[in-house]
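Note sheet for the following structure.
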Amino acid sequence: MNQSEMIIRETSSQAALAAADLFAKTARECVSHEGFFTVAVSGGSTPRPMHRFLAEEPYRSEVPWPKTHLFWVDERCVSFEDPASNYGLARKDFLDQVPIPQNQVYPIPIEASPKEGAEIYQRVLIDFFHLQKGESPVFDLIFLGTGKDGHTASLFQGQKALGEMERLVVCVKGGAPNVSRITMTFPVLNHAKRIIFMVSGKNKADIVKTILEFPEARVPAQRVQPLNGNLTWLLDSESASRLSKECSHEEY
Ligand code: 6PG
């Protein structure tokens, strides 16, 4: 039975703190039930304050890092030193400061061609989750963001990748920066046990309203519909500011 909920915090920093809390809480629950925690993070600027909180106390101690396996939802095909690199920023913001075993951090490979990188990462998922043909991985938690155009991951309007139902990982070109990218596909996202959409800032108020109140808009982020998982919208007051009253209820 899937559920959706909305959490609204006054400021983006308070929303990031709530996200770090949810990361730690979910990690502890998964490790106590399953013995390990699988999470995939997105790139861009919104997740960075949460990542920086994770590198600080209490989260540095609270998260069971030695039992955590960290993946990426998508990556730009740039060097890890490039400021556009999702992995590079995550290393800087928290991975270099927390005791997660290096062999439990799975960056999307950017050394080969985008096509080869997508194939390699798909193989990483198949091997880690012991998938049979046609199966999708079931992540404990996936963090997503959305652009002002309603894209999520690196799944952009009008692209073939939106309709990809077989492959787990594909390569595309687009976004800002407009580079080749490697991205998980909707089957992977929608099999997650829990998805947290983190959106903040006034400039996202319109797209948040469109996504949550105008299903006919059919923007990519609206294709995120967990099959058996929970969907949480974690907003700050600015990004939630255009929502109708009945839509912006808080259940946290
Ligand atoms: C990426 C992200 C992307 C991001 C949105 C929002 O690699 O670009 O995965 O989907 O979540 O573009 O980005 P901001 O948080 O920077 O607004």
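Remember, predicted model here, so these are calculated numbers, not experimental data. As the structure lists them, so they are numbered: ligands from 1, and atoms in each ligand from 1.
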Quiz item: Quick one: does M198 get a heavy atom under 4.0 Å from ligand 1?
Solution: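 Under 4.0 Å: no for M198.
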Quiz item: Among the heavy atoms of N86, does any lie under 4.0 Å from an atom of ligand 1?
Solution: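 Within the 4.0 Å threshold, so yes.
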Return the residue, atom name and 0.1 Å-rounded distance of the protein heavy atom closest to [atom].
| atom | result |
| --- | --- |
| atom 16 (O) of ligand 1 | S45 N, 2.7 Å |
| atom 10 (O) of ligand 1 | A153 O, 2.6 Å |
| atom 11 (O) of ligand 1 | G145 CA, 3.4 Å |
| atom 15 (O) of ligand 1 | T46 OG1, 2.5 Å |
| atom 2 (C) of ligand 1 | D74 OD2, 3.5 Å |
| atom 13 (O) of ligand 1 | G44 CA, 4.0 Å |
| atom 4 (C) of ligand 1 | G43 O, 3.9 Å |
| atom 6 (C) of ligand 1 | T146 O, 3.5 Å |

Quiz prompt | Parallel, tilted or perpendicular: rings of F94 and W65 (30°, 60°) | solution =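 Rings of W65 and F94: tilted, 30 to 60°.
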Quiz item: Around atom NZ of K193, are there more than 12 heavy atoms of other residues, nucleotides or ligands at under 6.0 Å?
Solution: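 Buried by this count: over 12 neighbours within 6.0 Å.
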Self-check item: Name of the residue among L234, L243, T232 meeting side-chain contact (heavy atoms from CB on, under 4.5 Å) with M6
Solution: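 Exactly one candidate clears the test, L243.
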Practice problem: May I ask you to check whether K204 and T146 show a side-chain donor-acceptor distance below 3.5 Å? | Solution: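 Side-chain D/A pair, K204 to T146: absent.
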Practice problem: Check the side chains of S79 and D82 for a donor-acceptor pair under 3.5 angstrom, ignoring hydrogens and angles. | Solution: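 There is no such pair (donor and acceptor under 3.5 Å, judged by atom type) between the side chains of D82 and S79.
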Quiz item: Is the centre of the F139 ring less than 6.0 Å from the centre of the F129 ring?
Solution: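 Ring centroids of F139 and F129 are less than 6.0 Å from each other.
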Quiz prompt | Pick from R181, H151, E75, M184: the one approaching atom 12 (O) of ligand 1 most closely through a non-hydrogen atom | solution =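 Result: the heavy atom closest to atom 12 (O) of ligand 1 is in H151.
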Practice problem: Before accepting this row, confirm whether a basic side-chain N of the pair D206/K148 lies closer than 4.0 Å to the acidic partner's carboxylate O. | Solution: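 K148 and D206: not salt-bridged.
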Quiz item: Under the ring-ring contact (aromatic ring centres under 6.0 Å, His included) rule, what pairs show up with a residue in residues 185-218, not counting sequence neighbours?
Solution: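 ring-ring contact (aromatic ring centres under 6.0 Å, His included) check on residues 185-218 returns F197-W233.
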